[in-house]
Q: 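Submitted below is the structure of interest, expressed as structure tokens.
All values below come from the heavy atoms of this structure, side chains included, with hydrogens, waters and symmetry mates left out.
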Amino acid sequence: MYPFPVFLFLTILCLLGSTADAIGVNWGTMSSHPLPPPKVVELLKSNEVSKVKLFDADPLVLQALSGSNIVVTLGIPNSMLKTLNSSRKAAESWVHDNVTRYFSHGGAGVRIEYVAVGDEPFLQSYGDQFHPFVIGAAMNIQAALTKANLAGEVKVVVPCSFDTFVSESGRPSKGHFRTDLNKTMIELLTFLSKHHSSFFVTISPFISFQQNKNISLDFSLFKENAHHHNDSLRTYKNSFDLSYDTLVSALSKIGFPEIDIVVARIGWPTDGAANATSSIAEIFMKGLIDHLHSKTGTPLRPRNPPIETFIFSLLDEDHRSITSGNFERHWGVFTFDGQAKYHFNFGQGTKNLVNSQFVEYLAPKWWLLFQYQLAR
């Protein structure tokens with residue numbers, strides 16, 4: 001057995017190691033010409049990305065991730081929530097087909113950490129389209145994991161959109177959940193706490209900047225010279241901390257002040273709107289990574305940053321809905337074919353992003369025909 005000082009030192013090393021691995025990336029596949037899954041896995045590994053969040057459970061993607069040692073969050077699309085809410089059997093089939101079949105028990109399978117029930121199903125623009133089915137679907141998936149003897153290793157979560165919580169005054173201390181979600185949020189957080197799971201949420205400094213005239217670009221980009229926002233005796237130096245503590249206040253108001261938070265989506269687009277450029281995205285991403293690795297936390301949670309953060313997104317997706325704006329198709333750190341848009345890294349020292357290699361493209365004549373068909 002180690003002497004106490006040595007044991008303490010090793011414990012600190014383990015904690016530091018765990019925070020270094022706490023930055024992952026969202027991998028979406030809504031593209032007219034997706035990069036083949038094995039190429040994407042190569043891209044993840046060459047950039048030392050150890051965690052990936054998916055929006056579905058595509059068999060080709062899971063096969064490519066098998067044996068990679070990359071930790072995976074599986075997604076369940078919103079379109080499946082109604083069925084999973086009403087049928088325990090459907091939930092058991094989904095878990096069997098997408099979790100049990102691929103799960104790694106220390107072997108060559110997929111290291112599945114979370115099942116994400118829905119893709120931001122509480123987004124305000126959806127209305128009640130998915131809202132009534134979320135909790136029931138989550139409970140049925142949890143029961144299915146328990147039946148499959150996987151509940152101790154795979155956690156059920158529900159990714160929540162940036163607009164689930166608000167502060168009319170802009171002050172974090174006044175943060176609360178939308179009134180139409182209060183009852184559901186209490187049910188969700190009770191469920192998450194019971195099963196020792198985390199609260200998954202989107203933080204979007206880009207959209208906050210677009211929608212709020214009181215938030216400056218410098219404040220969104222972690223600039224040192226940005227005008228600070230004050231809330232009583234607390235000072236906010238960036239938009240991320242402001243949004244995060246607004247959520248912390250909302251959680252506290254309904255009785256869950258200590259629940260772990262995972263930032264399920266955060267990023268900056270590179271086209272499709274004013275200030276959506278590669279150069280600005282680079283500044284934002286570098287500021288975010290530095291802030292997360294500083295482990296300073298936020299005024300309401302000092303020295304307690306999110307336990308995991310998933311960058312949105314790995315690749316551009318030209319089939320994403322543009323209801324919110326054309327920028328929705330330009331969140332990628334990489335272009336659709338795996339080429340880096342700017343200088344950045346996922347926290348592995350001074351190394352820059354590594355591009356995808358030996359990508360095969362459509363022959364020019366077929367590419368022109370394809371573009372013509374899209375334009376019609």
Q: Using a 3.5 Å distance criterion without hydrogens, assess whether the side chain of D231 forms a donor-acceptor pair with backbone atoms of S173.
A: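 Yes, because the side chain of D231 sits within donor-acceptor range (under 3.5 Å) of the backbone of S173.
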Q: Answer yes or no: is there a side-chain heavy-atom contact under 4.5 Å between V41 and W27?
A: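 Answer yes - side chains close enough.
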Q: Is any side-chain heavy atom of L314 closer than 4.5 Å to a side-chain heavy atom of L44?
A: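 The answer is yes, as the side chains (C-beta and beyond) meet within the 4.5 Å cut-off.
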Q: Count the heavy atoms belonging to other residues, nucleotides or ligands that lie under 6.0 Å from CE of M285, then report whether that count exceeds 12.
A: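 More than 12 heavy atoms, drawn from other residues, nucleotides or ligands, come within 6.0 Å of this atom.
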Q: For K174 and S169, which I'm curious about, is there any donor-acceptor pair between the side chains at under 3.5 Å?
A: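 Checked: K174/S169 side chains show no N/O donor-acceptor pair below 3.5 Å.
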Q: Counting distance only, does the side-chain N/O of R320 pair as donor-acceptor with the main-chain N or O of R329 below 3.5 Å?
A: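 Checked: no pair found.
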Q: Looking at F284, F327, F240, F162, which hits ring pair (Phe, Tyr, Trp, His ring centres under 6.0 Å) with F206?
A: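 Option passing the ring pair (Phe, Tyr, Trp, His ring centres under 6.0 Å) with F206: F327.
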Q: Looking at S220, is its backbone amide N or carbonyl O close enough to the side chain of N238 to form a donor-acceptor pair, meaning the two atoms are under 3.5 Å apart?
A: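 Between the backbone of S220 and the side chain of N238 there is no qualifying donor-acceptor contact (under 3.5 Å).
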Q: Got a donor-acceptor contact below 3.5 angstrom from the S232 side chain to the R234 backbone?
A: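 No; zero donor-acceptor contacts below 3.5 Å.
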Q: Could you state the interatomic distance from CD1 (I112) to NZ (K155), rounded to the nearest 0.5 Å?
A: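 Answer for the CD1-NZ pair, I112 versus K155, is 15.0 Å.
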Q: Would you indicate whether the side-chain heavy atoms of I283 and W268 approach each other to under 4.5 Å?
A: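 A side-chain contact under 4.5 Å is absent here.
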Q: When rounded to the nearest 0.5 angstrom, what is the spacing between OG1 in T164 and CG in L188?
A: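 Nearest 0.5 Å value for the OG1-CG distance: 9.5 Å.
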Q: Do any N or O atoms from the side chain of Q211 and from the backbone of F209 form a donor-acceptor pair under 3.5 angstrom?
A: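 No.
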Q: Of all the heavy-atom pairs spanning L353 and N345, show the shortest one and how long it is.
A: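 The pair with the smallest heavy-atom distance is CD2-CA, 4.3 Å.
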Q: Side chains of H176 and S167: closer than 4.5 Å at any heavy-atom pair?
A: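 A side-chain contact under 4.5 Å is absent here.
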Q: Any side-chain donor paired with an acceptor under 3.5 Å for S161 and D163?
A: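 Yes - a donor-acceptor pair under 3.5 Å links their side chains.
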Q: Only one of D245, D241, N304 passes side-chain hydrogen bond (donor to acceptor under 3.5 Å, both in side chains) with T298; say which it is.
A: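 Checked D245, D241, N304 against T298; only one passes side-chain hydrogen bond (donor to acceptor under 3.5 Å, both in side chains): D245.
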Q: Quick check: do V158 and F191 have side-chain heavy atoms less than 4.5 Å from each other?
A: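 They are not in contact (no side-chain heavy atoms under 4.5 Å apart), so the answer is no.
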Q: Could you give the distance from NZ (K53) to CD (E113), rounded to the nearest 0.5 Å?
A: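 If I round to the nearest 0.5 Å, the distance is 12.5 Å.
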Q: If I take atom NZ from residue K51 and atom CZ from residue F310, how far apart are they, to the nearest 0.5 angstrom?
A: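 One gets 6.0 Å once the value is rounded to the nearest 0.5 Å.
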Q: Please answer whether the main-chain N or O of I322 pairs with a side-chain N or O of E328 as donor and acceptor at a distance below 3.5 Å.
A: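 Not at all, since once roles are kept as given, no pair shorter than 3.5 Å links the two residues.
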Q: Can you list the steps and then say if N326 with D271 is a side chain to side chain contact (heavy atoms under 4.5 Å, CB included)?
A: CA-CA 8 Å; N326 290 330; D271 202 352; over 6 Å; no
Q: Do I23 and V354 share a hydrophobic cluster, counting only Ile, Leu, Val, Met, Phe, Trp and Tyr and linking them when any side-chain heavy atoms are less than 4.5 Å apart?
A: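 No: no chain of side-chain contacts under 4.5 Å links I23 to V354.
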Q: In sequence, state the C-alpha distance, the side-chain angles, and the governing distance for C160 and M185, and then conclude on side chain to side chain contact (heavy atoms under 4.5 Å, CB included).
A: CA-CA 10 Å; C160 294; M185 282 297 156; 3.8 Å; yes
Q: When you compare the side chain of L65 with that of Y102, does any pair of heavy atoms fall below 4.5 Å?
A: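 When only atoms from C-beta onward are counted, L65 and Y102 do not touch, as no gap falls below 4.5 Å.
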Q: Using every non-hydrogen atom in the two residues, find where P305 and R303 come nearest and quote the distance to one decimal.
A: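 That closest heavy-atom pairing would be CD-C, 3.5 Å.
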Q: Give the intermediate values and the outcome of ring-ring contact (aromatic ring centres under 6.0 Å, His included) for residues F334 and F336.
A: CA-CA 7 Å; F334 293 90; F336 77 95; over 10 Å; no
Q: Give every residue pair that meets the side-chain hydrogen bond (donor to acceptor under 3.5 Å, both in side chains) criterion with at least one member in residues 74-99, sequence neighbours excluded.
A: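 Only R88-N140, E92-K147 qualify under side-chain hydrogen bond (donor to acceptor under 3.5 Å, both in side chains).
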Q: If you draw a 6.0 Å radius around NZ in K39, do more than 12 non-hydrogen atoms from other residues or ligands fall strictly inside?
A: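 Yes.
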Q: My understanding is that only one of L43, D337, T29 makes a side-chain contact (heavy atoms from CB on, under 4.5 Å) with L315; could you say which?
A: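 The option that passes is L43.
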Q: I'd like to know if the side chain of S278 reaches the main chain of T270, judged simply by a donor and an acceptor atom lying under 3.5 Å from each other, with no hydrogens or angles considered.
A: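 Absent.
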Q: Decide, yes or no, whether a salt bridge links D316 with K341 under the criterion of side-chain N to carboxylate O below 4.0 Å.
A: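 So D316 pairs with K341 through a salt bridge.
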Q: How close do D58 and L60 get, heavy atom to heavy atom, and via which atoms?
A: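 Closest approach of D58 to L60, heavy atoms only: OD1-N, 2.8 Å.
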Q: Which atom pair, heavy atoms only, marks the closest approach of V262 to S198?
A: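 In terms of heavy atoms, the two residues are closest at CG2-CB, 3.8 Å.
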Q: Using a 4.5 Å cut-off on heavy atoms from C-beta on, say whether the side chain of F200 contacts that of Y114.
A: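 Yes; the side chains approach each other to less than 4.5 Å.
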Q: Quick one: which of V110, V95, V72, L150 gives a side-chain contact (heavy atoms from CB on, under 4.5 Å) with F103?
A: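 The option that passes is L150.
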Q: Not counting sequence neighbours, which residues clear salt bridge (charged side-chain N to carboxylate O under 4.0 Å, His left out) with K45? List them please.
A: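 K45 satisfies salt bridge (charged side-chain N to carboxylate O under 4.0 Å, His left out) with no residue once adjacent residues are dropped.
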Q: Between V49 and I70, is the side chain to side chain contact (heavy atoms under 4.5 Å, CB included) condition met? List the steps.
A: CA-CA 8 Å; V49 177; I70 295 170; 5.8 Å; no
Q: Same cluster or not: are I203 and V166 linked, directly or through other Ile, Leu, Val, Met, Phe, Trp or Tyr residues, by side-chain heavy atoms under 4.5 angstrom apart?
A: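 No; V166 is not reachable from I203 via cluster members.
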Q: Let me see the working for L189 and F177 under side chain to side chain contact (heavy atoms under 4.5 Å, CB included), right down to the final yes or no.
A: CA-CA 12 Å; L189 285 154; F177 287 108; 4.3 Å; yes
Q: Strictly distance-based, threshold 3.5 Å: is any side-chain N or O of S208 a donor or acceptor partner for the main-chain N or O of P205?
A: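 Not confirmed, S208 side chain does not pair with P205 backbone.
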Q: Find out whether V201 and F165 are in side-chain contact, i.e. whether some heavy atom of one side chain is under 4.5 Å from a heavy atom of the other.
A: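 Heavy-atom side-chain distance check passes, below 4.5 Å.
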Q: Is the closest side-chain donor-acceptor distance between S279 and T277 under 3.5 Å?
A: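 Distance-only check passes for S279 and T277.
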Q: Tell me whether the rings of H131 and F122 are parallel (<30°), tilted (30 to 60°) or perpendicular (>60°).
A: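 Correct class here is perpendicular.
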